[in-house]
Student: 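The structure that follows is given in the form of structure tokens.
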2 protein chains.
Amino acid sequence: MVKRTRFDDNPCPVARSVDAIGDWWSLLIIRDAFDGSRRFGEFQRSLGVAKNILSARLRALVEAGILAVEPASDGSAYQAYVLTPKGEDLFPVVVALRQWGERHSFEPDEPHSELLDRRDDRPLRELAVLAADGRPVGPADTVVHKVPEPERA
Amino acid sequence: MVKRTRFDDNPCPVARSVDAIGDWWSLLIIRDAFDGSRRFGEFQRSLGVAKNILSARLRALVEAGILAVEPASDGSAYQAYVLTPKGEDLFPVVVALRQWGERHSFEPDEPHSELLDRRDDRPLRELAVLAADGRPVGPADTVVHKVPEPERA
DNA sequence: CCATCTGGTTGCAACATGCTACCCCTCCGA
DNA sequence: TCGGAGGGGTAGCATGTTGCAACCAGATGG
């Protein structure tokens, strides 16, 4: 694991997020966790991932504070992996990926799973990036303010 | 490249999105593209990635329709990599990752780069997942409606 | 026309992934 | 109380991917 701390000192929040969840499986594990998976075997069957890889990913996500190991959940003495508040805050990320995939990765008539409002079974509203005053903004309306880069080299 | 089409037939949009952009570098390349990088060397210096990896990633992103190669941009006969509309639609994904990283991956007093509204230099509003009626919803308020899985086996 | 910069490609070493086999623990019925 | 089944992993090995450095080709430029 040489890449563990690769962007730990990068002042860009995107880089640090990618550092935490930016590999192939982590995001899918988190998606399954949002979807209700809690046990090792559930993740394994849902993802079809090798057990050692899943084991390593779950451990990394626990270390990252995204998942927590609960000693037991449904009576049986096995352990469950549940999202921490930090993990739950990834909800917009997963929703954004989902909406992008829905829009761009499916044929118009191709069926796909959907994320629905539990209250009325209707799909969610599209995520919108808003300015402080509520005005919707696109990439061109924003500017990245870089940190002044302390004593770096 | 055995993983290229790994989730191509997966009916979950999140999986397909991860298939397209879910590796270490792609998202950072896209972030840099939003930030104004266009040329090979710009990406390379900004990311510190090996040139062959960058080359492969850029090619994959172009194949995925996220970036496009423009024959020239600033006069000199070199080529530029620019976001397509499909790539620009990743803006909420990048913003979501950025906001999550800002909240969870920095010490309270630690400086980091910021994404500001160009109009008034103020930070953006937090992304919110909204139901069709505008009510904000969290993970527990939603349910994934799985596709009935056609003739699969 | 030689030196240099940009934009790559190629080869090789190191690392990560995936698969299979195995292991330990708990649960459960006989 | 024993044996089997299933959950939750680890170990070993083949393969694929990443990273680094070297190299290369076309523009620039003196």
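Not measured: the values here are computed from a predicted model. Numbered from 1 within each chain, the chains take letters A, B, ... in sequence-line order.
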Student: Does A/Asn52 contact D/dG8 through a side-chain donor or acceptor facing the base, at a distance under 3.5 Å?
Tutor: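 Per atom types, no contact qualifies.
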
Student: For C/dT17, take OP1 and OP2 only and decide whether either is under 4.0 Å from a side-chain N or O of A/Trp25.
Tutor: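 Indeed not, no polar side-chain atom of A/Trp25 lies that close.
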
Student: Any side-chain N or O of A/Tyr81 under 4.0 Å from OP1/OP2 of D/dG7?
Tutor: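 No, no such contact exists.
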
Student: Using a strict threshold of under 4.0 Å (side-chain N to carboxylate O), is an ion pair present between A/Arg38 and A/Glu70?
Tutor: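 No salt bridge links A/Glu70 with A/Arg38.
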
Student: For the pair made of CZ in A/Phe43 and P in D/dG7, what is the distance, rounded to whole Å?
Tutor: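 Value for this atom pair: 15 Å.
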
Student: Categorize B/Arg45 for me: base, sugar-phosphate, or nothing, with a 4.0 angstrom heavy-atom threshold over every strand shown.
Tutor: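 Nothing: the residue B/Arg45, judged by heavy atoms under 4.0 Å, touches no strand.
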
Student: Nearest whole Å is fine: how far is C/dG18 P from A/Leu47 CG?
Tutor: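 Spelled out: CG on A/Leu47 to P on C/dG18 is 11 Å.
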
Student: If you check every side-chain atom of B/Lys51, which of D/dG26, D/dG19, C/dG8 has the closest atom?
Tutor: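 That would be C/dG8.
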
Student: I want to check something: taking the side chain as every heavy atom from C-beta on, are B/Ile66 and A/His104 in contact at a cut-off of under 4.5 Å?
Tutor: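 Side chain of B/Ile66 against side chain of A/His104, heavy atoms only: no contact under 4.5 Å found.
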
Student: Where each residue is assigned the nucleotide of DNA chain C containing its nearest heavy atom, which of B/Leu58 and A/Val49 is assigned the position nearer the 5′ end?
Tutor: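 Nearer the 5' end of the strand: B/Leu58.
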
Student: Write down the distance between CD (A/Gln44) and P (C/dG18), rounded to a whole number of angstrom.
Tutor: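 Atom-to-atom, A/Gln44 to C/dG18, this comes out as 12 Å.
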
Student: Of the options D/dG6, D/dT18, C/dT17, whose atoms approach the side-chain atoms of A/Tyr78 most closely?
Tutor: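 Of all the options, the side chain of A/Tyr78 is nearest to D/dG6.
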
Student: What is the distance, rounded to the nearest whole Å, between atom CD of B/Gln79 and atom C1' of C/dT6?
Tutor: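 Checked: the CD to C1' distance equals 11 Å.
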
Student: Kindly say if B/Arg39 contacts the phosphate of C/dT6, meaning a side-chain N or O under 4.0 Å from OP1 or OP2.
Tutor: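 Looking at the OP1 and OP2 atoms of C/dT6, neither is under 4.0 Å from any side-chain N or O of B/Arg39.
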
Student: When clusters are formed by joining ILVMFWY residues with side-chain heavy atoms under 4.5 Å apart, either directly or through shared neighbours, do B/Val69 and B/Phe43 land in the same one?
Tutor: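 Both belong to a single hydrophobic cluster.
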
Student: Can you tell me the distance, in whole Å, between the CD1 atom of B/Ile53 and the P atom of C/dG8?
Tutor: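 To the nearest whole Å, that distance equals 15 Å.
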
Student: Provide, to the nearest angstrom, the distance between the CG atom belonging to A/Leu54 and the P atom belonging to D/dG7.
Tutor: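 To the nearest whole Å, that distance equals 14 Å.
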
Student: Are B/Leu83 and A/Val144 connected in a single hydrophobic cluster, I mean Ile/Leu/Val/Met/Phe/Trp/Tyr linked by side-chain heavy atoms less than 4.5 Å apart?
Tutor: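 Yes, same cluster.
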
Student: Does the distance from a Lys or Arg side-chain N to an Asp or Glu carboxylate O, for B/Asp133 and B/Arg135, drop under 4.0 Å?
Tutor: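 Salt bridge: yes.
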
Student: Report the nucleotide, chosen from C/dG18, C/dT9, D/dT18, that has the shortest atom-to-atom distance to any side-chain atom of B/Ser55.
Tutor: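 The nucleotide sitting nearest to the side chain is C/dT9.
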
Student: Under 4.0 Å from OP1 or OP2 of D/dG9: is there any side-chain N or O of A/Arg59 that close?
Tutor: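 For D/dG9, neither OP1 nor OP2 has a side-chain N or O of A/Arg59 closer than 4.0 Å.
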
